[in-house]
Amino acid sequence: MDDPYHNNVNQQMTEGGDYTYTQDGGGQDGYPYQTDYPPQDEDAASDATEGADDDDQMYEGEYQGVPHPDEIKEARRAARIEARRKARMATQQEEEEENLPEQYETIMEDCGHGRFQWMLFFVLGLALMADGVDGFVVGFVLPSAEKDMCISNADKGLLGLLVYVAMMVGALVWGGLSDKMGRRKCLVYVLTIDLIFSFLSCFAQGYGFFLFFRFCSGFGIGGSIPIVYTYFTEFLQMDKRGEHLSWLCMFWMLGGLYASFTAWGIIPHYGWGFAIGSEFQMHSWRLFILVCLFPALAALVGVVFMPESPRFLLENARHDEAWMILRQVHDTNWKAKGEPERVFTVTNIKTPQTQEDEFIEIQSDTGTAFQRWTVRHVTMLQQVMANVMSLSAPELRLQGLFLVIIWFCMAFSYHGLGVWFPDMIKYMQYEEYESKVRVFHRERVERFHFNFSLINQIHREGEYVHDKFANIEIKSVKFENSLFENCYFEDVKSTNTFFENCTIKNTVFYNTDLWQEKFKNCRMENTTFLHPKKGCHLNFQEENDIVIYMVSFLGSLAVLPGNIISALFMDKIGRIRIIGGSMLASSACTFLLLLSFSQGAVICWQCLFYAVSVAAWNGLEVISVELYPSSKRGTAFGILNGICKFAAIIASFIFAAFIGITKIIPIFLAFAALVCGGLVALKLPETREKILS
């Protein structure tokens with residue numbers, strides 16, 4: 001039988017006993033693939049196969065970049081394992097996040113409320129007091145500063161505007177950073193910035209530098225309110241939060257009292273300043289700014305010795321640090337209560353770790369120092385922005401909108417009327433002063449020595465020949481279409497005094513502050529100015545009316561009863577009733593402002609409005625820190641406080657524009673805002689029995 005295989009292949013045995021096969025013919029009837037390869041040398045064949053086995057043979061697609069099937073399977077297997085790991089971590093994190101608030105509340109109850117909370121209360125109260133002082137500083141120093149630095153009306157308005165803008169930006173920035181950097185660290189930065197730039201503003205001789213330093217100071221202190229309330233809240237147990245946060249609000253009132261009292265005691269005393277040559281002058285209003293630094297300085301020293309918020313540390317997976325601080329709180333309180341033997345029994349606190357934390361840890365261990373710094377801060381900025389965007393989540397969106405409306409309405413009416421009250425008093429003083437002006441028409445005075453002051457007068461078409469004005473003060477006097485011939489002015493101080501359309505001949509002005517801006521459309525012939533007092537000069541008797549300090553002092557003192565009542569009843573009747581009731585009652589008080597026909601009446605209704613409305617502020621600040629989770633609490637409070645400053649800026653312009661025109665529009669705007677905010681407040685959820693999430 002013929003075998004095709006044996007017909008085409010010859011089998012031969014070599015000397016070594018091995019068989020070799022040779023193919024006959026062209027390969028059409030045999031194995032065609034064997035003919036595709038050129039014949040190999042024996043040595044080459046052995047070199048190619050030496051030491052190789054079936055498992056180590058090279059995959060053909062490797063040269064073409066095609067992954068091996070085994071690699072694909074391995075990658076898919078690793079992806080499934082990673083997905084299952086992330087799912088387990090997410091589930092575990094959700095469970096831990098659900099358990100952490102209850103566990104933390106239990107720990108705080110075990111630590112008790114005692115010496116530690118009271119120490120922190122006074123330290124943070126001083127920081128809040130510093131913010132209250134800063135709110136009054138610009139208003140008190142502006143009448144003196146505008147004369148000392150020749151500030152125009154436009155620049156004067158710019159100063160007040162920029163300070164509030166700086167505080168608004170500071171609230172937004174520092175509130176967000178406190179959720180990522182820590183409450184204590186951000187508060188230290190805030191107070192340090194305020195101290196440095198407020199101190200520098202005391203010595204700024206030019207308006208530009210003064211404006212810049214006050215702006216930077218406002219940016220710093222603007223972040224104090226969001227941080228202080230967030231920081232203190234996280235050391236309080238649920239049944240103590242409402243009451244003690246309300247007591248904390250009293251320090252803002254103390255800031256107003258401190259600023260008003262020190263301004264009245266320092267600014268009017270011109271002799272309390274000093275000068276170094278003609279370029280550097282330290283007047284009493286600058287000394288007042290220096291004294292206003294004391295609350296911030298005391299707060300900074302105290303905060304340095306305070307620990308970080310343990311709740312913040314737990315939210316950022318820093319278990320050991322949080323445990324040590326909680327044990328410190330526990331031991332401090334129970335030792336003060338006479339039970340030092342009580343032991344802190346907590347051994348484990350669940351702390352979820354986020355991917356953001358892992359990212360920072362990984363990236364921060366690589367690269368140069370500058371690269372690590374850049375990675376940390378860029379990542380932190382990304383996290384802050386993500387935190388801001390997360391506030392629009394469905395579960396937070398509605399209550400956030402309600403809070404924005406309430407904060408805006410409350411700030412618009414409160415700060416708007418806060419501008420309206422003192423400006424209305426000033427306008428009444430101006431009207432009363434104008435009503436007593438004396439008018440002289442076509443008088444002729446010749447060879448007369450004016451050695452007495454001229455106050456609140458108008459002289460029209462007068463003639464003054466060979467007259468002498470020496471060692472006198474000319475205050476609020478206007479000369480219109482008058483003639484001065486062969487007159488002599490020496491050592492004359494003037495305030496709000498002008499010469500309009502006058503003719504001045506052969507007259508000498510020696511050592512006076514009567515200069516170009518005092519003469520409007522005047523014709524001068526052979527007139528000499530010797531040793532003129534150029535620039536602006538302070539007149540403390542005119543610029544520092546004690547009534548303004550008294551109004552601020554009484555307004556700050558008036559909130560004391562409201563603070564006490566709200567603190568005592570915050571946890572008894574709830575935040576919602578406090579906010580809604582206070583705002584609606586305040587709206588009713590605004591109608592009494594229609595009866596403000598005298599300065600005394602304005603002061604009376606101002607005190608009543610502040611006393612009633614302060615309860616709404618307290619309730620609003622308490623509920624704002626309770627509604628948001630710990631990881632977003634500082635960010636949310638910073639945004640709300642920034643909206644408060646924005647509303648204050650708008651209100652100050654609107655309310656000030658109607659001074660001397662009408663009282664009805666400002667009162668109606670304040671009434672409408674308070675009613676709107678009070679009704680919306682009733683839609684908020686009650687939080688007095690809510691555990692901090």
Run the side-chain contact (heavy atoms from CB on, under 4.5 Å) test on Leu403 and Leu620 for me, step by step, so that the C-alpha distance in whole Å, both residues' side-chain angles and the decisive distance to 0.1 Å come before the verdict. CA-CA 8 Å; Leu403 282 174; Leu620 197 54; 4.2 Å; yes
Considering residues, nucleotides and ligands other than Arg184, do more than 12 of their heavy atoms fall under 6.0 Å from its CZ? yes
Check this for me, if you would: do Glu315 and Arg311 make a salt bridge, where the nitrogen-to-carboxylate-oxygen distance has to be below 4.0 angstrom? yes
Let's go through Leu293 and Leu290 carefully: what are the C-alpha distance in whole Å and the side-chain angles of both, what is the deciding distance for side-chain contact (heavy atoms from CB on, under 4.5 Å) to 0.1 Å, and is it a yes or a no? CA-CA 6 Å; Leu293 299 180; Leu290 198 61; 4.1 Å; yes
Flag the pair Pro685 / Phe402 as yes when at least one side-chain heavy-atom distance between them is below 4.5 Å, and no otherwise. no
Side-chain contact test, heavy atoms from C-beta onward, threshold under 4.5 Å: evaluate it for Leu297 versus Phe199 and give yes or no. no
In this structure, which one of Phe121, Phe116, Phe312 forms a ring pair (Phe, Tyr, Trp, His ring centres under 6.0 Å) with Phe235? Phe116
When you measure from the side chain of Arg633 to the backbone of Tyr628, do you find a donor-acceptor pair of N or O atoms at a distance under 3.5 Å? yes
Is there a donor-acceptor pair under 3.5 Å between the side chain of Thr332 and the backbone N or O of Val329? no
Tell me the closest heavy-atom pair linking Leu124 and Leu248, and the distance in Å. C-CD1, 4.2 Å
Describe, in one word, how the ring planes of Phe197 and Phe213 are oriented to each other, choosing from parallel (under 30°), tilted (30 to 60°) and perpendicular (over 60°). tilted
Do Met108 and Leu236 pass the side-chain contact (heavy atoms from CB on, under 4.5 Å) test, and can you show the C-alpha distance, the side-chain angles, and the key distance before you say yes or no? CA-CA 7 Å; Met108 293 310 302; Leu236 297 174; over 6 Å; no
With salt bridge (Lys or Arg N to Asp or Glu O under 4.0 Å) as the test, would you mind laying out the steps for Arg183 and Glu234 before giving the verdict? CA-CA 10 Å; Arg183 324 309 193 194; Glu234 294 171 349; 2.7 Å; yes
Look at the rings of Trp252 and Phe136 and say which category their plane angle falls in: under 30° parallel, 30 to 60° tilted, over 60° perpendicular. tilted
Does Cys249 reach the side chain of Asn563, with side-chain heavy atoms less than 4.5 Å apart? yes
Residue pair Asn618 / Ser246, side-chain donor-acceptor N/O under 3.5 Å: no
Say whether Lys645 and Asn641, considering side chains only, have a donor N or O and an acceptor N or O under 3.5 Å apart. yes
Could you check whether atom NZ of Lys337 has more than 12 heavy atoms from other residues, nucleotides or ligands sitting under 6.0 Å from it? yes
What class does the angle between the rings of Trp118 and His244 fall in, given that below 30° is parallel, 30 to 60° is tilted and above 60° is perpendicular? perpendicular
Quick one, Tyr610 and Phe421 - any side-chain contact, counting heavy atoms below 4.5 Å? yes
Main-chain N/O of Gly175 paired to Ser178 side chain as donor or acceptor, under 3.5 Å: yes
Pair Glu243, Trp247: side-chain N/O donor-acceptor within cut-off below 3.5 Å: yes
Can we say Arg575 and Glu626 salt-bridge, meaning some charged N sits less than 4.0 Å from an Asp/Glu carboxylate O? yes
I want to check something: taking the side chain as every heavy atom from C-beta on, are Leu257 and Leu254 in contact at a cut-off of under 4.5 Å? yes
Heavy-atom closest contact (Thr262 atom, Cys292 atom, distance): OG1-SG, 4.5 Å
Test item: Phe569 and Arg577 side chains (from C-beta on) under 4.5 Å apart, heavy atoms: no
Under a plain distance cut-off of 3.5 Å, with no hydrogens placed, do Ser224 and Trp174 share a side-chain donor-acceptor pair? no
Looking at side-chain heavy atoms only, is the closest gap between Val675 and Phe671 below 4.5 Å? yes
Okay, side chain of Lys180, backbone of Gly176: is any donor-acceptor separation there less than 3.5 Å? no
May I ask you to check whether Tyr414 and Trp617 place their ring centres under 6.0 Å from each other? yes
For side-chain contact (heavy atoms from CB on, under 4.5 Å), just list the numbers for Ile623 and Glu686, CA-CA rounded to whole Å, side-chain angles, deciding distance to a tenth of an Å, and then say yes or no. CA-CA 8 Å; Ile623 201 171; Glu686 182 56 66; 5.8 Å; no
So do Leu560 and Met250 actually touch side chain to side chain, heavy atoms under 4.5 Å? yes
Which heavy atom in Ala127 sits nearest to a heavy atom in Ile221, and how many Å separate them? O-CD1, 4.5 Å
Heavy atoms of Leu640 and Ser624 approach each other most closely as CD1-OG, 3.7 Å
Taking Thr230 for its side chain and Ile227 for its backbone only, find out whether a donor-acceptor pair lies under 3.5 Å. no
Closest heavy-atom contact between Thr590 and Ala670? CG2-CB, 4.2 Å
Non-hydrogen atoms of Cys607 and Gly555 that approach each other most closely: SG-N, 4.4 Å
Side chains of Ser201 and Arg214, donor plus acceptor under 3.5 Å: yes
Could you check whether Trp407 and Phe646 have their ring centres less than 6.0 Å apart? no
